[in-house]
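See structure below.
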Protein chains: 2
Amino acid sequence: MEMTSAQPVTVGFRPLYRQVKDEFVKRMVDGVWPAGFLLPSEGQLAQEVGVSQGTVRKALDELAGENLLVRQQGRGTFVAQHDEKRILFQFFKLVPDDGIARFPESVVLEASTFPATETEREQLGLGPGTRVARVRRMRAIDDVPMIIETLSLPDAMFPGVTDGPVPNSLYAFYAERYGVTIAHAREKLKAITLNAEDAAILRKPPGHPALMVQRLALSLEAKPVEWRVSLCLTDDAHYLSFMR
Amino acid sequence: MEMTSAQPVTVGFRPLYRQVKDEFVKRMVDGVWPAGFLLPSEGQLAQEVGVSQGTVRKALDELAGENLLVRQQGRGTFVAQHDEKRILFQFFKLVPDDGIARFPESVVLEASTFPATETEREQLGLGPGTRVARVRRMRAIDDVPMIIETLSLPDAMFPGVTDGPVPNSLYAFYAERYGVTIAHAREKLKAITLNAEDAAILRKPPGHPALMVQRLALSLEAKPVEWRVSLCLTDDAHYLSFMR
DNA sequence: CAGTGGTCTAGACCACTTT
DNA sequence: AAGTGGTCTAGACCACTGA
């Protein structure tokens, strides 16, 4: 029996540009390349990691396609930031019926830490007995109440997040204060009718229909980081979804 | 005054690979490359249109990214088809809460042509007095009624579509019988409560909440082709949306 | 085995931005 | 003018498929 001829095990194959991509993601995760950072030029990066410029380019192009980098011809390549424009474009799908997307203001109703519920533990991948920070707030567009939002964060990952004031733009805050970047999210939608308490906050009668949006936000490392349940009025707005 | 020195008008600049891409889309629109068609190899195409293989590749890659082509290593590149798998993945976002996507069956309630309403004319870009074919059907998953769907098609583009039986899988039917390929779609979602008639069909009490999905489907040429309003029960299912 | 798409490289030139 | 990303090319080799 021939011992030396190993079978062609294709098991560990991983394209160079993907390895390069992983390295770049790691730099973002580790904070070496923070939000807004101007990357070295393609040529420099290629020399640095020891591959051709074309391979670096393919890695950067894919990261730009995932909205993690922003490329600007003549200027350079930047780490994406959670500015208002990006959030409106990438994460906020509720649009007034006039078609002009606007950023909602917020009024915090409650912010404190609690023992995680079973749903929170399941969604965020937490063990029993873990604590979460929970924020409940009302959001309005043009001073018209539109959304009641309850969000849960692993307390260990966001220590003291409910101690101070909670800013309106949370994803920029997570990045700046905790070094946690929200990269992607999954939303599940259901139609419900409002109970008396929620209806009062949104100035509608009990039993009024609303859109319930359950969002799980994932970090750069694809770990679940935030669980958010929103009740949205869709009388004068709609949730917009494109299928490419 | 110097008449010969024109300013450097960058007006007509269009990358080669985009022109190649346009040419390939045209071949699909014209039916030269029908659904499921196996394209010539990259090398042949490059020679045919007179560019390098790399340029053809970039065009094909973008088209694959838009789900208009499917590439398979070792096999070749194919024109995308509206098979059940693609529709489930790309166009059908209502998923049972168990997380296992399934294709719904249909029962046609009504199918005929009518003068287009103002909404239909506006959405489909039709002139006054135009006729539309309208189909109303109930859709069920695992024999449980889930959706009431009303769809409108320009009669001129789909002549006689309501004369025969209406198949369950419409997008494959549009492609095969009318040479119309649905490429993309836009959906607007609202929460509503069911009226007595719709509630009876879905076996729920009047006033029960439901998700209203208004879909405008676009052809390869980016023209609006189908207007579809669906009322979906979300008691045991949800609309799933990813944000990349 | 031949043929396909997938990866990787190297180099040239173009368009855009900033100095 | 210098530096950036964007396009285009040509050629080599790899991984996958099917005969």
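Note: CZ (Arg57(A)) to P (dG5(D)) measures 8 Å, nearest angstrom. The separation between Leu45(A) atom CG and dC8(C) atom C1' is 17 Å, rounded to whole Å. In this structure, CD of Gln72(B) is placed 11 Å from C1' of dT4(C), rounded to the nearest angstrom. Between Glu42(A) atom CD and dT9(C) atom P the separation is 14 Å, expressed in whole Å. Per the geometry, CZ belonging to Phe78(A) stands 12 Å off P belonging to dT4(D), to the nearest Å. The CG-P distance, from Leu60(B) to dC8(D), rounds to 14 Å in whole Å. One interatomic measurement links the two molecules: CD of Glu62(A) to P of dC8(C), which rounds to 11 Å at whole-angstrom precision. Atom CD of Gln73(B) and atom C1' of dC14(D) are 8 Å apart (whole Å).
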(message) Walk me through whether Tyr171(B) and Thr181(B) qualify under side chain to side chain donor-acceptor pair (under 3.5 Å).
(response) CA-CA 7 Å; Tyr171(B) 288 3; Thr181(B) 299; over 6 Å; no

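With salt bridges taken as basic N to acidic carboxylate O contacts below 4.0 Å, one links Asp97(B) and Lys190(A). The pair Glu62(A)-Arg18(A) counts as a salt bridge, with a side-chain nitrogen and a carboxylate oxygen less than 4.0 angstrom apart.
Using a 4.0 Å heavy-atom distance criterion, Gln53(B) is classed as making no nucleic acid contact.
Candidate nucleotides dC8(C), dC8(D), dT9(C) were compared by shortest atom distance to the side chain of Tyr17(A), and dC8(C) ranks first.
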